[in-house]
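Structure record follows, encoded as C-alpha cells.
Given the structure is predicted, the values throughout are model-derived calculations rather than measurements. All ligand and atom numbering here is 1-based and tracks the order in the structure.
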Amino acid sequence: MEFKKFKSELEASKYVAKIVIDKIKANSGIKLGLATGSTPVCLYAELAHDYKTNHTNWSQVKTFNLDEYDGVDYASDISYHKFMKDELFNHVNIDTNNTFFPEKECNFDKFIKEEGGIDLQILGIGVNGHIGFNEPGSTENSQTRIVDLTPITVEVNGNKYFDGELDKVPKKAISMGLETIMQSKQIILLAFGKCKEDAIKKLSDAKTFDINFPASILIKHPNVTIIYDEEINI
Ligand code: GLP
C-alpha cells in the first residue's frame, strides 16, 4: 500500500484525474469502479473539465458504482444515481447504458466478473473505516448485499447531506462487498480533511484485516494507493 500526500484536495484530485484520463486513453473500454460522497466531487469536476477542454472519449467506458441507499427513488436528490449524473455522467460523453449500480435481485458481483472485472476502483473512506457501505462487521468474502448503516454513518451523512435531520437519512443501503472491491485490478482511496485523519492513521498502522475496520482489508491488495491531503498527519 502506497501513501501519497498532497498539499490540497485540488492537487490530489488533479493527480488522480490524470491517472483516470491516461487510463481511458490507453483503454477506451476501461471498467471504472466509482464512489460517491463529498470526497470524489473535486475529482469528478476535474474529469468534467478535461472533457470540456480535451474531449477525452468516455463513450466505451463502463462504470460500476459502489453503493446506493436502499429504497430511494433514483431521481430524488439523495440518490447516488442522481449524484453521479450531476457530478460526472452529465458532463462527459458516457453512454448511460454503460453505468451500473448495485441493485436488489441483480447479481452485481457475477455481472462485474462477466464484464471482465474492474480495472480501477476509486474509494473514499468513512470515519469508521467503511469502504463503499461495508460497515464494521463486514466479512472479507462479503458480496453485494443490503447493509444496515451504523449510527455514526447515519449521523455523519445526516449532518453532511440532510441538515442534521437524522430521521430523514436512509438506514439501509445496498453495497458492493469487500470481496468484489478486492478483485479490482487497481485501487485508489482518497481521503481529505482532518475528520479522516484517524481513519488514515489506522489504515497506515494496519497489519492484518480487522473486521471492525473494513478498510484494513486493503493491506492484502497488491496495487493500492492512498491519496490524502495536508490536513491529515500520519
Ligand atoms: C459514504 C459512501 C462511501 C464514501 C464514504 C465517505 O457514505 N457510501 O462510498 O466513500 O461514505 O463519504 P464522504 O466522502 O462524504 O466523506
Side-chain angles (χ1 to χ4, degrees), residues 6 8-10 12-13 16 32-46 63-72 74 76-84 86-88 99-103 108 118 120-138 142 144-164 166 168-178 180-182 184 187-203 213-218 224-229 231-232:
F6 288 81
S8 65
E9 178 173 347
L10 179 63
S13 300
V16 178
L32 297 175
L34 299 178
T36 50
S38 55
T39 306
V41 167
C42 190
L43 164 65
Y44 296 156
E46 287 300 317
T63 62
F64 302 86
N65 262 81
L66 285 166
D67 45 21
E68 176 58 282
Y69 286 120
D70 182 35
V72 296
Y74 293 160
S76 76
D77 282 343
I78 63 168
S79 103
Y80 286 164
H81 282 71
K82 179 155 189 309
F83 171 96
M84 289 308 304
D86 290 349
E87 303 299 332
L88 181 64
T99 63
F100 306 100
F101 289 75
E103 279 178 44
F108 200 49
I118 291 172
L120 172 63
Q121 174 69 57
I122 303 294
L123 293 178
I125 186 168
V127 293
N128 62 355
H130 73 221
I131 51 176
F133 268 135
N134 291 287
E135 297 280 36
S138 300
S142 54
T144 302
R145 69 215 183 281
I146 301 284
V147 293
D148 290 312
L149 303 185
T150 58
I152 182 70
T153 298
V154 171
E155 189 186 327
V156 169
N157 285 0
N159 290 333
K160 265 189 182 168
Y161 306 109
F162 296 83
D163 293 327
L166 303 193
K168 294 205 173 138
V169 186
K171 308 295 182 296
K172 284 180 187 285
I174 182 160
S175 180
M176 195 191 282
L178 292 179
T180 308
I181 292 174
M182 286 294 281
S184 310
I187 298 176
I188 296 179
L189 183 147
L190 308 172
F192 304 125
K194 205 74 191 161
C195 61
K196 298 293 170 69
E197 186 174 74
D198 287 350
I200 296 302
K201 254 189 203 153
K202 226 169 165 177
L203 187 55
F213 187 71
S216 59
I217 195 154
L218 298 175
V224 180
T225 311
I226 313 296
I227 302 279
Y228 63 104
D229 69 2
E231 287 188 45
I232 296 174

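Which parts of ligand 1 touch Lys160 is read off a 4.0 Å heavy-atom cut-off, strictly below it: atoms 13 (P), 15 (O), 16 (O). Per-residue contacts place Asn157 under 4.0 angstrom from the following atoms of ligand 1 (heavy atoms of the residue considered): 7 (O). Near Phe133, meaning under 4.0 Å from any of its heavy atoms, are these atoms of ligand 1: 7 (O), 8 (N). Each of the following atoms of ligand 1 lies closer than 4.0 Å to a heavy atom of Thr39: 13 (P), 14 (O), 16 (O). Heavy-atom contacts of Gly124 reach the following atoms of ligand 1: 10 (O) (cutoff under 4.0 Å).
Regarding atom 6 (C) of ligand 1, its nearest protein heavy-atom neighbour is Ile125 O, 3.5 Å. Here the heavy atom of the protein found nearest to atom 3 (C) of ligand 1 is Gly132 O, 3.5 Å. For atom 11 (O) of ligand 1, the closest non-hydrogen atom on the protein side is His130 NE2, 2.8 Å. Protein heavy atom at the shortest distance from atom 4 (C) of ligand 1 is Thr36 O, 3.9 Å.
Side-chain atoms of Ser142 do not come within 3.5 Å of backbone N or O of Gly177 as any donor-acceptor pair. Without hydrogens or angle criteria, Asp70 side chain to Lys171 main chain gives no donor-acceptor distance under 3.5 Å.
Between Ala35 and Gly124, the shortest heavy-atom contact is CB-N, 4.0 Å. Here the closest non-hydrogen pair linking Gly33 and Ile118 is N-CG2, 3.5 Å.
Contacts with ligand 1 closer than 4.0 Å are made by no heavy atom of Tyr69, backbone or side chain. The proximity of Asp67 to ligand 1, defined as any non-hydrogen pair under 4.0 Å, is limited to the side chain.
An N or O contact shorter than 3.5 Å links Ser38 to ligand 1 by distance.
Counting only heavy atoms from C-beta outward, the side chains of Ile125 and Leu123 never approach each other to under 4.5 Å.
Between Phe83 and Tyr44, the ring-plane angle classifies as perpendicular under the 30° and 60° cut-offs. The aromatic rings of Tyr69 and Phe162 sit perpendicular to each other, their planes meeting at more than 60°, with 30° as the lower class boundary.
Using modelled atom types and a 3.5 Å distance limit, the side chains of Thr150 and Thr153 yield a donor-acceptor pair.
Taking a 4.0 Å cut-off on heavy atoms, Phe192 fails to register as neighbouring ligand 1.
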